[in-house]
Novice: 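Please find one structure pasted underneath; my questions will follow.
Reminder, nothing fancy here: chain letters follow the sequence lines and each chain counts from 1.
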2 protein chains.
Amino acid sequence: MSCTITLQQKGYRLTPQRMMVLDIIHDSKGHISAEEIHQRVRQRYPFVNISTVYRTLNLLKKLHLISETDMGEGYVRYELLERGRHHHLVCRRCGQSFAFEHESLKPLQARLLKEYGFAADLDHFAIFGLCQRCRPAEGKAGAREESQRGDD
Amino acid sequence: MSCTITLQQKGYRLTPQRMMVLDIIHDSKGHISAEEIHQRVRQRYPFVNISTVYRTLNLLKKLHLISETDMGEGYVRYELLERGRHHHLVCRRCGQSFAFEHESLKPLQARLLKEYGFAADLDHFAIFGLCQRCRPAEGKAGAREESQRGDD
DNA sequence: GTTGCAGTTGCAATGAGTTGCACAATAACA
DNA sequence: TGTTATTGTGCAACTCATTGCAACTGCAAC
């Protein structure tokens with residue numbers, strides 16, 4: 001795996017714990033939570049501590065090998081960055097999430113660099129809002145008295 | 001305060017606890033943390049619980065009266081949205097944060113709407129990256145062996 | 001007035017994630 | 001090979017934030 005090489009190139013140790021975490025993120029389709037990673041690591045080696053998982057994830061994040069995204073579920077999800085880079089639109093009404101191309105963020109990235117000299121890390125964004133289907137519904141449900149106050 | 005009217009218009013009760021939280025956010029210059037709000041509320045009325053503060057903040061957030069931003073400090077900051085809307089660029093190296101105009105996000109917002117039919121809530125963004133001053137430094141400190149591995 | 005009920009609060013428990021510290025594993029080097 | 005310095009791990013304690021639940025509040029209907 002290319003990640004393992006990067007880790008070692010950067011002078012970090014490739015410990016069994018780190019290999020297991022990397023393996024599991026690699027095997028998982030899509031985004032995976034820290035708790036899930038921990039559980040799967042423990043199936044192989046039951047003595048790995050959750051803090052080690054978190055520390056490994058933070059290290060991989062720092063090296064831009066994985067992305068960390070809050071999809072509004074109460075915990076954070078991780079994903080390998082080698083895959084085609086994409087981001088997520090999360091509907092605050094129906095909860096569905098939709099991928100969108102990294103391309104869409106490039107103008108913003110360029111603008112921040114040009115106007116503010118700021119090199120933005122746009123590894124993975126989750127943008128909240130209303131999806132196409134929920135947009136009309138939300139528009140109507142303005143006042144609270146009718147039905148259910150537009151609670152999410 | 002306009003917020004109090006909005007709260008009542010939407011059919012929510014304007015309780016003393018909520019008034020105190022709103023007051024304090026209003027009086028505070030810039031962003032304020034939940035813990036800070038709680039402490040200041042308790043100076044006036046010592047029996048208010050932190051969970052009430054959080055619940056009030058979540059309600060105000062839902063009504064788009066305040067914005068919630070993770071500036072990477074280990075806790076979240078809140079701010080009234082009536083003020084001139086702006087966002088933050090947070091340097092992951094020196095920790096400084098710089099405001100940027102909401103204007104810069106409008107093209108992205110328009111693009112998401114046009115291409116995906118998605119109405120993005122862009123109340124307050126904190127974008128991480130490298131500021132103008134730290135950019136050259138980071139470029140050099142690639143390999144870990146020299147100095148301190150580019151730790152943040 | 002009192003009953004019913006939705007909305008709200010305080011409290012305690014819980015969950016996700018982080019940190020400090022002692023010890024273990026590895027690297028560096030004589 | 002043995003010694004020392006550095007890095008990484010496990011554990012426990014901690015922080016920030018959320019949740020479940022019982023009790024309280026305001027208001028409308030009777």
Novice: Kindly write out the residues that satisfy side chain to side chain donor-acceptor pair (under 3.5 Å) with A:Gln17, not counting sequence neighbours, or none if the list is empty.
Specialist: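 Counting only residues at least two positions away or on another chain, A:Gln17 forms no side chain to side chain donor-acceptor pair (under 3.5 Å).
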
Novice: Can you measure A:Tyr12 atom OH to D:dT6 atom C1' for me and round it to whole angstrom units?
Specialist: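 These atoms are roughly 13 Å apart.
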
Novice: Using every non-hydrogen atom in the two residues, find where A:His87 and A:Asp123 come nearest and quote the distance to one decimal.
Specialist: CE1-O, 3.8 Å

Novice: Not counting sequence neighbours, which residues clear side chain to side chain donor-acceptor pair (under 3.5 Å) with A:Glu115? List them please.
Specialist: A:Arg111

Novice: Can you list, in residue-number order, the parts of residues 39-47 of chain A that come under 4.0 Å of DNA chain D, counting heavy atoms only?
Specialist: A:Tyr45, A:Phe47

Novice: Once you round it to whole Å, what is the distance between C1' of C:dG17 and CG of A:Asp70?
Specialist: 12 Å

Novice: Minimum heavy-atom separation for A:Val48 to A:Arg42, with atom names?
Specialist: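 Taking A:Val48 first and A:Arg42 second, the nearest heavy atoms are O-CD, 3.7 Å.
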
Novice: Can you check whether A:Ser51's main-chain N or O pairs, donor with acceptor, with A:Asn49's side chain at less than 3.5 Å?
Specialist: yes

Novice: Identify which nucleotide among D:dG8, D:dT9, C:dA16 has an atom closest to any side-chain atom of A:Tyr75, counting heavy atoms from C-beta outward.
Specialist: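 The closest nucleotide is C:dA16.
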
Novice: What's the CG-P distance between B:Leu59 and C:dT8, to the nearest Å?
Specialist: 7 Å

Novice: Please give, in whole Å, the distance from C:dG17 P to A:Arg77 CZ?
Specialist: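 Going from CZ in A:Arg77 over to P in C:dG17 covers 11 Å.
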
Novice: Atom CD1 of A:Ile50 and atom P of C:dT14: how far apart are they, to the nearest Å?
Specialist: 18 Å

Novice: How close do A:Phe128 and A:Gly72 get, heavy atom to heavy atom, and via which atoms?
Specialist: CZ-N, 3.6 Å

Novice: Please encode protein proximity along nucleotides 19-27 of chain D as a string of B, S and -, counting only heavy-atom distances under 4.0 Å.
Specialist: BBB---BB-

Novice: Considering residues at least two apart in sequence or located in another chain, which fulfil the side chain to side chain donor-acceptor pair (under 3.5 Å) criterion with B:Ser104?
Specialist: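 Listed in chain order: nothing, the list is empty.
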
Novice: May I ask you to evaluate whether A:Thr52 reaches the phosphate of D:dG10, defined as a side-chain N or O under 4.0 Å from OP1 or OP2?
Specialist: yes

Novice: What's B:Glu35 touching, base or sugar-phosphate or nothing? Going by heavy atoms closer than 4.0 Å.
Specialist: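 The answer is nothing, as B:Glu35 stays clear of every strand by at least 4.0 Å.
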
Novice: Quick one: sort the B:Phe100 and A:Tyr116 rings into parallel, tilted or perpendicular, breaks at 30° and 60°.
Specialist: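 Perpendicular: the ring planes of B:Phe100 and A:Tyr116 meet at over 60°.
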
Novice: Mind calculating the distance between NZ (A:Lys62) and C1' (D:dG8) to the nearest angstrom?
Specialist: 13 Å

Novice: What is the distance from NE2 of A:His38 to P of C:dG15, rounded to the nearest Å?
Specialist: 15 Å

Novice: Whole-Å distance between C:dG7 P and B:Leu14 CG?
Specialist: 16 Å

Novice: May I ask you to say whether B:Asp27 pairs ionically with B:Arg40, meaning some side-chain N is under 4.0 Å from a carboxylate O?
Specialist: no

Novice: For C:dA25, does OP1 or OP2 lie under 4.0 Å from any side-chain N or O of A:Gln17?
Specialist: no

Novice: Could you tell me whether a side-chain N or O of A:Gln96 sits under 3.5 Å from a main-chain N or O of A:Cys91, the two making a donor and an acceptor?
Specialist: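 A pair under 3.5 Å: no.
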
Novice: Any donor and acceptor pair, going by atom type alone, linking the side chain of B:Arg77 with main-chain N or O of B:His31 inside 3.5 Å?
Specialist: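 Judged by distance alone, yes, a pair lies under 3.5 Å.
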
Novice: Using side-chain contact (heavy atoms from CB on, under 4.5 Å) as the criterion, point out the one residue from B:His124, B:Arg85, B:Glu68 that pairs with B:Glu79.
Specialist: B:His124

Novice: What nitrogen or oxygen pairs link the protein and nucleotides 2-4 of chain C at under 3.5 Å?
Specialist:
none

